[in-house]
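Notes follow once the structure below has been shown.
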Amino acid sequence: MMKWKTFVIGYALALALLLFAQHRPEQQPRSATFGHIIDLTHSINSGKAATRQASQGFLVHPRPAATLARYEVAQKSTAGEFPTSLDAPAHASASLWSVDQIPPERLFAPLVIIDVRPQVRRDPDYQLSVADIANWEQAHGQIPLGAVVMAQTGWSSRWNSPPRYRNEDNRGVRHSPGFSLQAAQFLVQGRNVVGMGIDADGIDAGDASNFSVRQYALLHSVYQLQNMTNLAQAPATGGLVLVAPAKLRGSSSAPVRVLALAR
């Protein structure tokens with residue numbers, strides 16, 4: 001009788017352990033799942049600002065750094081008529097990664113969004129600064145290494161009005177926000193970012209003439225994301241970003257779909 005009771009107890013214990021083992025894998029991912037997906041991408045050919053997007057096209061071949069400023073001037077002149085896009089490091093030097101050569105692991109990364117909308121409302125040429133990064137880190141902790149950092153400026157609200165998006169003065173000088181060179185240097189050297197993005201048409205401020213921020217980032221193999229949207233819907237920290245450019249062989253630019261994953 002004692003042996004029978006021992007057998008029953010042992011069997012019950014084994015069954016309980018088996019059931020626990022079966023349920024544990026189901027419970028484990030729940031704490032790490034992402035319940036929301038936010039599309040950070042403007043639709044191509046959607047709205048008044050995008051009517052010429054299909055005809056603009058993208059660079060098919062990498063352009064060396066010497067032609068970067070000339071291309072930038074052409075791109076800035078049609079700002080608001082380009083979709084959400086990615087510039088690869090080859091945009092600054094043909095020896096660096098083109099769009100199709102960017103390692104996949106650099107396209108799925110922690111997402112950081114730094115909100116500078118109040119500063120941009122006061123100054124449309126505002127450049128996200130090292131102080132803005134320090135304030136963000138004081139509130140949220142250190143920026144994860146290997147993240148994609150985006151500046152939330154509120155500029156995407158102008159998307160459907162090309163004149164407001166370009167924001168040119170009476171001399172034809174454009175005014176829009178961007179990153180400061182010092183901020184870009186800190187993010188690249190101090191936080192090892194893989195990408196930098198903004199909800200305007202480039203990470204340089206609109207009145208920049210030498211595009212030093214973009215060139216610095218690209219020459220350090222950090223890709224640029226421009227014409228983002230819906231950044232206010234994504235978390236400032238704790239999210240992930242999936243960056244999916246069209247895989248154009250040898251191209252230094254491509255349209256891109258960018259999705260934020262939030263818990």
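Keep in mind that the numbers below use all heavy atoms, side chains included, and drop hydrogens, waters and symmetry copies.
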Between [atom1] on residue [X] and [atom2] on residue [Y], distance to nearest 0.5 Å:
X	Y	atom1	atom2	answer
Met196	Ile198	CE	CD1	8.5 Å
His42	Ser85	NE2	OG	10.5 Å
Trp155	Gln226	CH2	CD	15.5 Å
Ile114	Gln152	CD1	CD	10.5 Å

Does any part of the side chain of [Y], heavy atoms only, come nearer than 4.5 Å to the side chain of [X], both counted from C-beta?
X	Y	answer
Phe179	Ser129	no
Met228	Thr84	yes
Val148	Val112	no
Arg257	Asp39	yes
Pro89	Leu219	no
Val116	Tyr126	yes
Val243	Tyr223	yes
His91	Ser253	yes

May I ask you to decide whether Arg174 forms a salt bridge with Asp169, counting only side-chain N to carboxylate O separations under 4.0 Å?
no
Which salt bridge (Lys or Arg N to Asp or Glu O under 4.0 Å) pairs, counting each pair once, include a residue from residues 129-153, with sequence neighbours left out?
Glu137-Arg191
More than 12 non-hydrogen atoms from neighbouring residues, nucleotides or ligands closer than 6.0 Å to CD on Glu105, yes or no?
yes
Parallel, tilted or perpendicular: which one describes the rings of Tyr165 and Trp159, with boundaries at 30° and 60°?
perpendicular
Residues in side chain to side chain contact (heavy atoms under 4.5 Å, CB included) with Ala134, at least two apart?
none
Quick one: side chain to side chain contact (heavy atoms under 4.5 Å, CB included) partners of Ser212, sequence neighbours excluded?
Leu181, Asp204, Asn210
Can you tell me which residue among Leu111, Leu107, Leu40, Leu242 is in a side chain to side chain contact (heavy atoms under 4.5 Å, CB included) with Val258?
Leu40
Could you pull out the closest heavy-atom pair between Leu187 and Ile143, with the gap in Å?
CD2-CD1, 3.8 Å
Using side chain to side chain donor-acceptor pair (under 3.5 Å), reason through Asp125 and His175 one step at a time and then give a plain yes or no.
CA-CA 5 Å; Asp125 291 316; His175 298 276; 2.6 Å; yes
Scan side-chain atoms only and decide if Thr153 and Asp199 contain a donor-acceptor pair under the 3.5 Å cut-off.
yes
